[in-house]
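What follows is a short report on a single structure.
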Amino acid sequence: MSSAAESIDHDPRWRDSAWRSRLRRRLLQWFETNSRTLPWRQSRDPYRVWISEIMLQQTQVATVIPYFERFTESFPTVAELAAASEQEVLRHWEGLGYYRRARQMHAAAQKIVEEHDGEFPEQFADVLALPGIGRYTAGAILSISRDHRLPVVEANTLRLYSRLIGLRSPPTIAASQRVLWEFAESILPQRGSGHLNQAAMELGSLVCTPRSPTCDTCPLAAGCVAREMGLQESIPGKVKKIQYEDRREVAVVVCDQQRFLVRQCQPGERWAGLWDFPRCEVAGDADAMLVAADHLRDAFGQSIQPPQPLMRIKHGVTKYRIMLEVLSAKLAGEAQPISDPGTRWLTRTQIGKLPLSTTGRKIFKKL
DNA sequence: AAGTCGGGGAC
DNA sequence: GTCCCAGACTT
């Protein structure tokens with residue numbers, strides 16, 4: 001078809017419809033006996049499929065399961081999600097990461113109530129127009145819940161399909177993407193696309209794994225180009241290695257009587273919408289205690305007594321490897337009025353109910 | 001096309 | 001330790 005597709009380094013045998021029919025039949029047959037029982041497969045309610053797809057973005061199945069159960073229990077319908085507060089939604093998302101997903105899903109629920117009468121939209125363009133939903137997620141939701149004939153390319157199918165067609169070009173470049181989406185669409189049946197999409201993802205997840213794929217047990221091994229060429233370990237090409245950056249931060253638990261100073265992370269900041277203890281970066285080998293005291297005076301106008309070490313937490317946020325020094329300190333004198341919006345003096349009970357960053361929650365548990 | 005956004009599972 | 005995960009969105 002397109003000359004761009006021709007210039008990409010892959011085997012064109014998949015353009016033969018008999019080849020694709022064979023693949024389809026073997027894949028579906030394998031799925032019959034190998035599909036996992038997952039909570040979001042209990043029903044085809046588009047709302048529940050939607051929640052599962054958002055939670056599963058860049059997040060493993062085992063991690064999502066308990067979150068999905070709690071979330072759907074608390075917010076059984078679009079209307080109930082839309083009516084909830086963002087804080088309530090974030091509280092259910094706490095620990096899952098990529099919190100923008102939760103904020104956007106909440107906003108999308110309100111949009112569905114306003115513009116679609118509370119019914120999850122049926123048109124691809126309308127679904128794609130919801131915040132937090134891109135081409136993959138829109139295709140997944142509509143194919144699974146409404147049996148629309150829409151392809152999906154995500155981590156599992158990208159790997160599976162790249163190997164099947166022997167795609168040696170980097171999968172990230174535009175021409176590779178075009179071939180992958182075209183292939184994904186070409187193997188869909190007239191009916192049951194959602195089933196086939198899930199089967200492909202399941203095979204990619206359980207058999208066609210990133211390292212040491214178990215080709216011996218793969219129903220598609222016979223027609224797999226990568227397998228034929230012995231390239232199953234090197235296709236798809238490696239993603240660019242992340243350059244981690246070491247970083248020191250300090251957090252302070254400031255106590256005044258029975259209350260603690262906490263702050264809601266603002267839009268544009270890391271963990272926007274979540275609450276955390278006052279925290280800042282510690283440059284170079286500076287003294288964390290001095291940095292902490294300065295930060296509290298400059299940012300919040302509070303004077304503290306000499307801080308004591310409480311705990312150390314090592315954690316990562318995207319490219320940063322953070323060594324967090326957690327200190328505790330009593331207030332020196334009276335609590336001062338706080339100009340910084342989003343910062344409050346709250347009791348232990350009040351803090352416990354807030355959506356906290358994961359490190360914030362770990363600190364809270366030590367109080 | 002590259003950077004940002006989290007946290008944990010698996011090896 | 002490293003790699004990876006049912007991506008979307010911004011720059």
Side-chain angles (χ1 to χ4, degrees), chain A residues 35-36 38-41 49-68 90 93-105 107-108 127-141 143-145 150-161 170-177 184 194 196-206 208-213 233 236-246 265 267-274 276 313-322 324 355-362:
Chain A
S35 69
R36 290 169 290 183
L38 299 171
W40 45 90
R41 288 184 178 159
V49 175
W50 173 38
I51 293 172
S52 73
E53 289 302 337
I54 300 297
M55 287 187 170
L56 284 163
Q57 288 172 4
Q58 294 294 288
T59 311
Q60 297 182 150
V61 166
T63 305
V64 166
I65 291 174
Y67 282 89
F68 179 84
L90 281 172
W93 212 270
E94 185 185 295
L96 198 55
Y98 287 137
Y99 299 96
R100 184 173 61 173
R101 294 182 294 177
R103 298 195 309 273
Q104 290 186 322
M105 203 168 73
V127 176
L128 201 56
L130 296 171
I133 297 186
R135 185 176 179 184
Y136 160 74
T137 304
I141 295 170
S143 68
I144 294 170
S145 69
L150 293 167
V152 296
V153 176
E154 41 62 77
N156 294 305
T157 47
L158 181 144
R159 189 173 56 249
L160 174 67
Y161 297 163
T172 50
I173 65 176
S176 292
Q177 285 289 313
L196 189 123
N197 284 335
Q198 292 188 83
M201 292 190 277
E202 197 86 326
L203 186 63
S205 172
L206 300 179
C208 196
T209 50
R211 282 171 297 191
S212 314
E233 297 267 15
K238 299 279 166 262
V239 294
K240 209 183 91 182
K241 224 180 80 161
I242 305 163
Q243 275 295 8
Y244 289 109
E245 191 177 319
D246 286 324
C265 304
E269 293 181 347
R270 184 170 76 191
W271 298 321
L274 298 183
D276 200 12
I313 303 174
K314 276 195 283 192
H315 70 114
V317 179
T318 64
K319 61 183 261 196
Y320 300 104
R321 316 296 291 252
I322 301 168
L324 175 66
L356 296 172
S357 68
T358 293
T359 51
R361 182 63 62 188
K362 283 177 181 160

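Just so we're on the same page: letters track the sequence lines, and every chain starts at 1.
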Check the distance between [N]'s [atom2] and [X]'s [atom1] and give it to me in whole angstrom.
X	N	atom1	atom2	answer
A:Glu202	C:dA6	CD	P	10 Å
A:His315	B:dG7	NE2	C1'	11 Å
A:Glu154	C:dC5	CD	P	9 Å
A:Arg100	B:dG6	CZ	P	8 Å
A:Gln104	C:dC9	CD	P	5 Å
A:Met55	B:dC5	CE	P	22 Å
A:Ile65	C:dC5	CD1	C1'	14 Å
A:Leu56	C:dC5	CG	P	13 Å

Of all the nucleotides listed ([options]), which has the minimum atom distance to the side chain of [X]?
X	options	value
A:Tyr99	B:dG7, B:dG3, C:dC4	B:dG7
A:Glu53	C:dC5, C:dA6, B:dG7	C:dA6
A:Thr63	B:dG9, B:dG7, C:dC3	B:dG9
A:Gln58	C:dA8, C:dC4, B:dG6	B:dG6
A:Asn156	C:dA6, C:dC3, C:dA8	C:dA6

Is the distance from OP1 or OP2 of [N] to the nearest side-chain N or O of [X] less than 4.0 Å?
X	N	result
A:Tyr320	B:dT4	no
A:Trp40	C:dA6	no
A:Lys319	B:dG6	no

| Just how far is it from atom CD of A:Glu53 to atom CH2 of A:Trp40, taken to the nearest 0.5 Å? |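 These two atoms lie 9.0 Å from each other.
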
| query | Hey, what do you get for CE (A:Met201) to CD1 (A:Ile144), rounding to the nearest 0.5 Å? | reply |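 One gets 5.0 Å once the value is rounded to the nearest 0.5 Å.
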
Would you measure the distance from the [atom1] atom in [N] across to the matching atom in [M] and give it in whole Å?
N	M	atom1	result
B:dC11	C:dA6	P	14 Å
B:dG6	C:dC3	C1'	15 Å
C:dC5	B:dC5	C1'	14 Å

| task | Mark yes or no for a side-chain to base donor-acceptor pair under 3.5 Å between A:Thr358 and B:dG6, with no hydrogen or angle criteria applied. | result |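 No such pair is found, so the answer is no.
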
| Donor-acceptor pair under 3.5 Å: do we get one between A:Arg101's side chain and the base of C:dA8? | no

Ignoring hydrogens and angles, state whether a donor on the side chain of [X] or [Y] is under 3.5 Å from an acceptor on the partner side chain.
X	Y	answer
A:Thr157	A:Glu154	yes
A:Thr137	A:Gln57	yes
A:Thr59	A:Arg101	yes

Would you classify [X] as touching base, sugar-phosphate or nothing, given that sugar-phosphate means primed atoms plus P, OP1 and OP2, and contacts are heavy atoms under 4.0 Å?
X	answer
A:Arg321	base
A:Gly204	nothing
A:Val152	nothing
A:Thr137	sugar-phosphate
A:Arg41	base
A:Ala140	nothing
A:Leu96	base

| Pick the nucleotide of DNA chain B nearest each of A:Gln60 and A:Tyr98; which residue has the one closer to the 5' end? | A:Tyr98

| field | Given DNA chain B, 5'-ward residue of the pair A:Ala62 and A:Thr59, judged by closest heavy atom | value |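 Going by which nucleotide is closer to the 5' end, it is A:Thr59.
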
| Taking for each residue the nucleotide of DNA chain C bearing the nearest heavy atom, is the 5' side occupied by A:Arg36 or by A:Ile133? |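 Nearest-nucleotide comparison on DNA chain C picks A:Arg36.
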
| message | Could you report the tightest heavy-atom contact between A:Gly237 and A:Pro171, atom names first, then the distance? | response |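 Distance-wise, the nearest heavy atoms are N-CD, 4.1 Å.
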
| request: Could you tell me which non-hydrogen atom of A:Ala138 sits nearest to which non-hydrogen atom of A:Leu128, and how far apart they are? | output: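 Closest approach of A:Ala138 to A:Leu128: CB-CD1, 4.0 Å.
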
